[in-house]
Amino acid sequence: MPATRVRIAPSPTGPLHIGTARTALFNYLYARRHGGTFILRLEDTDVARSTVAFEADILEQLHWLGIAWDEGPDVAGGDDRGPFGPYRQMQRLERYAEAAGDLLARDLAYPCFCTTDELDADRKAQEAAHQPPRYIGRCAALTAEERAARVAEGRRSALRFRVRADRVSFDDLVRDEVEIDTANLGGDFVIVRSDGTPLYHFTVVVDDAAMEISHVIRGEDHLSNTPKHILLFRALGHEMPAFAHLPLILNPDRTKMSKRKSQTAIADYRAEGFVPEALVNYLALLGWSTGTEEEILSLDELTSRFDLEHVQKGGAVFDRERLEWLNGQWIRKLGPEDLIERLQPFLEADRQAGRIDRVPTPEELRPLVPIIQERLPTLGAVGDLIGFLWVDRVTVDPATLIPKRWDRGTTLGALQAGRETIAASVGPVTFEADELEPPLRALAEERGWKAGDLFMAIRVAVTGRTATPPLFDSLVALGRERVLARLDAAIDTLGRSEVS
RNA sequence: GCCCCCAUCGUCUAGAGGCCUAGGACGCCACCCUUUCAAGGUGGAGAUCAGGGGUUCGAAUCCCCUUGGGGGCACCA
């Protein structure tokens with residue numbers, strides 16, 4: 001029984017994509033479940049589009065998600081570790097060159113001198129004739145002399161792999177038997193560009209073989225490419241890995257999830273305040289299930305339950321609402337200190353954006369945890385929720401100050417009475433929720449007001465908004481001085497306004 | 001156009017011939033709790049299992065066809 005070795009092979013041509021993250025997760029879970037090895041390999045042969053910044057983002061976000069790899073690069077632009085390195089394809093060029101030389105020597109591949117223009121013209125003609133695009137084989141049977149002549153002309157050549165008439169089938173671990181006629185592969189395909197750099201279909205096979213990958217677990221968008229890979233594995237004389245093609249993550253319109261139609265960068269979800277536990281949990285359940293009704297699962301719990309049998313075959317629409325719900329579930333599971341720590345960067349961001357004037361200390365945050373924890377859909381919502389506590393002044397809209405059942409005069413009177421009640425009945429030292437509520441309720445009863453209306457007027461006066469954490473906790477967090485000052489300011493604002 | 005794959009509530013899914021008058025979750029609606037907002041609790045609407053043929057005593061589950069959807073067909077990955 002050969003060792004279980006799986007890999008994620010992202011291309012640093014963009015930030016870590018949610019689909020890549022899920023594929024990485026499934027590979028990770030599979031490796032951990034089977035005591036195997038999980039490898040990260042960077043496919044950076046598209047030199048024009050690959051950047052170190054993207055590489056850094058991919059590594060960073062995978063680390064953040066807790067999807068740890070056993071072999072591969074750990075630092076952008078840095079060294080990598082593992083016995084099958086290097087793990088960046090641009091550092092493995094000799095290996096591809098060697099494999100290419102081998103195929104060329106055995107005439108399993110040949111130099112192609114076709115120009116881009118020629119190829120484009122071929123494609124256009126095929127399109128006009130309603131034919132599927134395919135390489136017509138112009139250079140497939142060139143003699144040594146003809147090749148030499150073209151080289152003498154100074155023409156560069158790409159290397160094409162010969163696709164012979166055959167039927168290729170493989171046993172996909174999630175979709176069972178898949179079969180295709182090689183006539184539908186589009187003809188001989190390029191494996192090395194004319195500039196000498198190798199192409200994906202080629203490098204992936206050379207590397208999967210060299211790194212002794214046992215299971216290729218990837219997105220369904222590669223299903224149609226698999227026969228090409230199989231042909232290459234055979235030509236190169238390598239043992240075939242098992243294949244498992246995962247269903248695609250879809251946009252709401254059921255097309256392959258894309259940046260154009262959906263938010264795809266993991267970094268963006270992170271910046272919004274999604275916690276890695278929720279993202280991992282959600283992504284694992286997109287296209288896979290435990291087979292039970294469990295759904296709140298940690299990475300470890302997912303690991304112990306993972307299997308390829310329960311992987312769905314059809315694509316899965318990305319449902320942000322469900323992600324948000326799961327995020328709330330995970331936020332509620334966080335310990336107080338953990339939550340406080342995770343909130344810091346978001347509060348700092350709010351301060352930098354001018355949404356709050358000061359970042360609270362952990363000590364200030366601690367007593368607020370019970371009232372905010374169940375109200376945060378994301379960590380990033382913290383400013384929206386209790387930002388009024390750290391701003392120098394709140395903006396109060398006179399119109400919202402007036403409860404729906406009241407008019408301007410009643411509100412004005414209520415705010416003044418409320419202010420006096422708070423000032424008179426509660427001293428600066430013993431400013432506590434338990435001591436604030438009874439006198440204010442008594443006031444409402446005495447004046448024949450609904451307590452809720454009084455509370456709402458005070459709430460808006462003091463926070464600037466109609467939806468806040470419980471009023472008395474909010475007042476306590478603000479402190480007597482600020483409560484009174486804000487009430488005064490609101491009374492003033494309403495007093496001058498024209499609204500009724 | 002050609003090839004490949006797929007098809008259970010709006011969405012994610014359970015279901016591997018009888019346990020299904022199809023279960024759970026998100027979302028939605030109502031009620032409870034309640035000073036607002038959440039959270040939580042309870043209940044509800046929501047799927048003729050895409051359609052049509054078979055096979056079988058019996059099909060969401062097996063087979064075929066149709067339809068629909070998606071993916072792939074690059075000197076991108």
Side-chain angles (χ1 to χ4, degrees), chain A residues 9-11 13-14 43-46 48-50 112 114-116 119 123 126-127 129-135 156-160 172 175 178-181 183-187 189-195 197 199-201 203-204 219-228 245 247-248 250 252-256 282 285-296 309-310 312-326 328 332 371-377 385 403 437 440-441 444 450-456 458-460 463 465-472 474:
Chain A
S11 183
T13 53
E43 310 219 321
D44 53 358
T45 56
D46 185 350
R49 295 195 297 144
S50 296
C112 171
C114 294
T115 62
T116 310
L119 264 14
R123 206 158 299 141
Q126 287 159 345
E127 199 177 320
H130 295 292
Q131 297 291 334
R134 77 188 328 267
Y135 178 59
R156 316 273 303 254
S157 65
L159 190 66
R160 271 185 199 276
D172 191 280
R175 336 174 161 256
V178 177
E179 193 187 34
I180 185 178
D181 193 306
N184 298 309
L185 259 28
F189 58 91
V190 176
I191 55 176
V192 181
R193 293 184 180 87
S194 51
D195 70 1
T197 55
L199 254 14
Y200 167 74
H201 294 309
T203 60
V204 74
E220 191 194 339
D221 46 349
H222 286 293
L223 189 63
S224 298
N225 294 150
T226 303
K228 288 183 183 175
H245 288 89
L248 259 23
L250 275 21
D253 64 5
R254 304 204 73 90
T255 54
K256 180 163 77 159
Y282 178 70
L285 262 23
L286 249 199
W288 174 76
S289 72
T290 59
T292 69
E293 283 174 0
E294 303 175 292
E295 48 192 344
I296 311 288
E309 290 71 55
H310 284 90
Q312 202 80 12
K313 292 193 182 86
V317 173
F318 187 86
D319 181 0
R320 192 195 155 94
E321 306 238 46
R322 194 171 156 83
L323 204 213
E324 277 187 18
W325 170 76
L326 258 178
R332 270 161 240 139
I371 64 169
I372 62 172
Q373 191 157 24
E374 65 201 26
R375 277 169 244 267
L376 289 172
L385 224 205
E437 189 167 352
L440 284 171
R441 281 196 185 278
K450 297 202 87 168
D453 290 336
L454 206 218
F455 296 168
M456 181 53 86
I458 295 174
R459 164 179 293 110
V460 176
T463 68
R465 30 202 339 162
T466 54
T468 71
L471 180 62
F472 302 105
S474 300

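As a basis for the values below, the full set of heavy atoms in this structure was taken, side chains included, without hydrogen atoms, waters or symmetry mates. None of the values given here were measured: they were computed from a predicted structure. Chain letters run A, B, ... following the sequence lines, proteins first and then strands; every chain starts at 1.
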Considering only [options], which nucleotide approaches the side chain of [X] most closely?
X: A:Arg332; options: B:U11, B:C5, B:A39; value: B:A39
X: A:Pro133; options: B:U11, B:C73, B:C5; value: B:C73
X: A:Arg193; options: B:C75, B:G24, B:A14; value: B:C75
X: A:Pro470; options: B:C5, B:U35, B:G71; value: B:U35

Sorted by position of nearest nucleotide on RNA chain B, 5' first, the leading residue of A:Phe455 and A:Gln312 is A:Gln312
Taking everything shown except A:Glu127 itself, do over 12 heavy atoms lie less than 6.0 Å from its CD?
-> no
Has the side chain of [X] got a donor or acceptor that lies under 3.5 Å from a partner of the other kind on the base of [N]?
X: A:Arg175; N: B:C5; result: no
X: A:Arg459; N: B:U35; result: yes
X: A:Thr255; N: B:G70; result: no

Using Watson-Crick or G-U wobble geometry with both distances below 3.5 Å, tell me the partner of B:C2, or none.
-> B:G72
Across all strands, who's sitting opposite B:G17 as a Watson-Crick or G-U wobble pair, both distances under 3.5 Å?
-> none
Under 4.0 Å: is that the gap between some side-chain N or O of [X] and OP1 or OP2 of [N]?
X: A:Lys256; N: B:G72; answer: yes
X: A:Thr116; N: B:C75; answer: no
X: A:Arg254; N: B:C12; answer: yes
X: A:Arg160; N: B:C75; answer: yes
X: A:His310; N: B:G15; answer: yes

In whole angstrom, give me the gap between the C1' atoms of B:A60 and B:C6.
-> 16 Å
side-chain contact (heavy atoms from CB on, under 4.5 Å) between A:His245 and A:Thr226, intermediate numbers included = CA-CA 10 Å; A:His245 288 89; A:Thr226 303; 3.0 Å; yes
